[in-house]
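For reference, the structure discussed in these notes is given below.
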Amino acid sequence: MPRTAEAIVFPREREVELRTIHLPKLGPDEVIVRTRYTGISVGTERWYFTNQYREQRSLYPVIPGYLRCGVVEEVGVNVGDDLKPGTWVYVGLRSTRLDPADGIGEIGGCHSSYAVVRQRDAFPMPANAQPEEVAMTGLAATPHYGISLGKVGADEVVVVIGQGMIGQMAAQLCRLRGAKVITSDLIDQRVELSAKYSADVAINPAKQSLEEAISALRKQHPVKLPPHGKRQMKMTYEENRDLMRTQGADVVIDTSGSSKMFAQDVAMLRREGRIILQGYFPDSIPVEFHPTHRKAATVVFPCAWDQVAQEEVLRLLGERKLQIKPLITHVFKPAEAKKAYDLLLNSPAEILGVLFDWS
């Protein structure tokens, strides 16, 4: 087995390079994974690249990324039979153990040719899944977790703001639950892909009215109000509230990362609806109390995933129920990392799903 690997490193803000790193000695509960693909999380890695990810500020040099698909090459003495050498796996999060002597810390991200990872962080790839799609598992597991917390249900009208990979996956997952989904993005290519693979209705709000789209879909799928109290007559105020309960989306999933969107999220929502802030928002979010109070909105802040979400996404990929491969617009070699991150930073409209091919 090799004792070194190639890794993509951010040495400083807005700089990227390919370095040789040393693999630490394999522990009893660890495996060595030979990487086939790693995925770029366009939002999170942009914040890392520009030093705007608050929890990770001033930690350069750093190996970024949290999306890896590869093959188990070597296992520790305590590793279970599900991770034998030759097993294809998904590894997510910042779970790569590093050699501190390399000066990049003790834990790194996924963008390296080999990785020493704990067995509990390596998940076997389903038999019918494709490695390119499995590498993107975290981009679907993240909205899966948020959708579960937000209790998205069948026949609900859901609006997904932003059609990057997180937004596309959120839309597909909501439809698998039976929800009716409107997606919105200012980039025409993303709108077209969303209309084909992810949404019931996909629009560019600079060209079409999002409010009219919500209203039209709401009429097709009206809200069924529960009974109010024992009296046949409702309070006047209750009648007014009922009107607000029947107009607008049941759920707004905001993947934009723009704190300025929150007021619009509230405006699109019906009374007692839910907002899922499904992404990383680096700036403070201003909340106007009165309109949010009038909508009696529930706001969920997931921006993560759990093991259940990851396992469910892998199952769906094995059953070919998620469309990821058609959304992959760019595949780079690790030596092209600078080109990849320059494109991410300066031409975001040109990219959607992005992979590094380590073969």
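Residue indices begin at 1 and follow the sequence shown. Everything numeric in this text was worked out from a predicted model, so none of it was measured.
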> For P124 and L83, which heavy atoms make the closest approach, and how far apart are they?
Replying inline: CG-CD2, 4.0 Å
> Do the side chain of Q172 and the main chain of Q323 share a donor and acceptor less than 3.5 angstrom apart?
Replying inline: yes
>> Given S215, which partner from the list K219, E211, R218 fulfils the side-chain contact (heavy atoms from CB on, under 4.5 Å) test?
In response: K219
> Are the charged groups of D188 and K207 less than 4.0 angstrom apart, N to O?
Replying inline: yes
> Under the side chain to side chain donor-acceptor pair (under 3.5 Å) criterion, do S184 and Q163 qualify, and how do the steps go?
Replying inline: CA-CA 7 Å; S184 171; Q163 282 298 280; over 6 Å; no
>> The criterion is side chain to side chain contact (heavy atoms under 4.5 Å, CB included); which residues satisfy it with A101, sequence neighbours excluded?
In response: D99
> Going through the distances and angles, do R177 and I147 end up as a side chain to side chain contact (heavy atoms under 4.5 Å, CB included)?
Replying inline: CA-CA 10 Å; R177 285 177 169 235; I147 289 163; 3.5 Å; yes
> Excluding sequence neighbours, so at least two apart, what forms salt bridge (Lys or Arg N to Asp or Glu O under 4.0 Å) with E350?
Replying inline: none
> Are R274 and E156 within salt-bridge range, i.e. N to O under 4.0 Å?
Replying inline: yes
>> According to a hydrophobic-cluster definition based on side-chain heavy atoms being under 4.5 Å apart (Ile, Leu, Val, Met, Phe, Trp, Tyr only), do I161 and I276 belong together?
In response: no
> Is a salt bridge present between E30 and R118, judged by a nitrogen-to-oxygen distance below 4.0 Å?
Replying inline: no
> Does I182 share a hydrophobic cluster with V191, counting links as ILVMFWY side-chain heavy atoms below 4.5 Å and allowing steps through other members?
Replying inline: no
> If you take all heavy atoms of V158 and A179, which pair is closest and at what distance?
Replying inline: CG2-CB, 3.8 Å
> Same cluster for L277 and I253 if Ile/Leu/Val/Met/Phe/Trp/Tyr side chains link at under 4.5 Å?
Replying inline: no
> Is E106 salt-bridged to R97, cutoff N-O under 4.0 Å?
Replying inline: no
> Taking only residues two or more places apart in sequence or in another chain, which ones pass side chain to side chain contact (heavy atoms under 4.5 Å, CB included) with K196?
Replying inline: none
> So, do V33 and V117 sit near enough that their side-chain heavy atoms are less than 4.5 Å apart?
Replying inline: yes
>> Measuring only between side-chain heavy atoms, which start at C-beta, is T329 closer than 4.5 Å to Q189?
In response: yes
> Do the ring centers of Y341 and F10 come within less than 6.0 Å of each other?
Replying inline: yes
> Quick check: does any side chain N or O of Q310 sit under 3.5 Å from a backbone N or O of T137, one acting as donor and the other as acceptor?
Replying inline: no
> Is there a chain of hydrophobic side chains (I, L, V, M, F, W, Y, each step under 4.5 Å between heavy atoms) that links V252 to F301?
Replying inline: yes
>> Run I166 and T142 through side chain to side chain contact (heavy atoms under 4.5 Å, CB included) and show every step you take.
In response: CA-CA 7 Å; I166 295 285; T142 297; 4.0 Å; yes
> Going by atom types only, do E212 and Q208 share a side-chain donor-acceptor pair under 3.5 Å?
Replying inline: no
> Side chains of N204 and D185: is there a donor and an acceptor less than 3.5 Å apart?
Replying inline: no
> Going by distance alone, is a donor N or O of one side chain under 3.5 Å from an acceptor N or O of the other, for E6 and S112?
Replying inline: no
>> If you count every heavy atom of other residues, nucleotides or ligands that lies below 6.0 Å from R294 atom CZ, does the total exceed 12?
In response: no
>> Do the side chains of E132 and K325 get close enough for a salt bridge, i.e. N-O under 4.0 angstrom?
In response: yes
> Is it true that the side chains of T183 and S194 contain a donor and an acceptor less than 3.5 Å apart?
Replying inline: yes
> So if you build clusters from Ile, Leu, Val, Met, Phe, Trp, Tyr with side-chain heavy-atom gaps below 4.5 Å, do L67 and I40 land together?
Replying inline: no
> Is the backbone N or O of S41 less than 3.5 Å from a side-chain atom of E45, with the two atoms forming a donor-acceptor pair by type?
Replying inline: yes
> Do the ring centers of F123 and W88 come within less than 6.0 Å of each other?
Replying inline: no
>> Can you tell whether the side chains of K338 and E336 come within less than 4.0 Å, N to carboxylate O?
In response: no
> Mind checking whether W358 and F356 have parallel, tilted or perpendicular rings, split at 30° and 60°?
Replying inline: perpendicular
> Do you see a donor-acceptor pair shorter than 3.5 Å between the side chains of T255 and Q278?
Replying inline: no
> With no hydrogens and no angle check, is any side-chain donor or acceptor of D250 less than 3.5 Å from a backbone partner on V157?
Replying inline: yes
> Y90 side chain to G138 main-chain N or O, any donor-acceptor pair under 3.5 Å?
Replying inline: yes
>> Tell me whether D242 is salt-bridged to R245, with the criterion being a basic N under 4.0 Å from an acidic carboxylate O.
In response: yes
> Any salt bridge between K333 and D357, counting N to O under 4.0 Å?
Replying inline: yes
> Do we see a donor-acceptor contact under 3.5 Å between the side chains of T38 and R68?
Replying inline: no
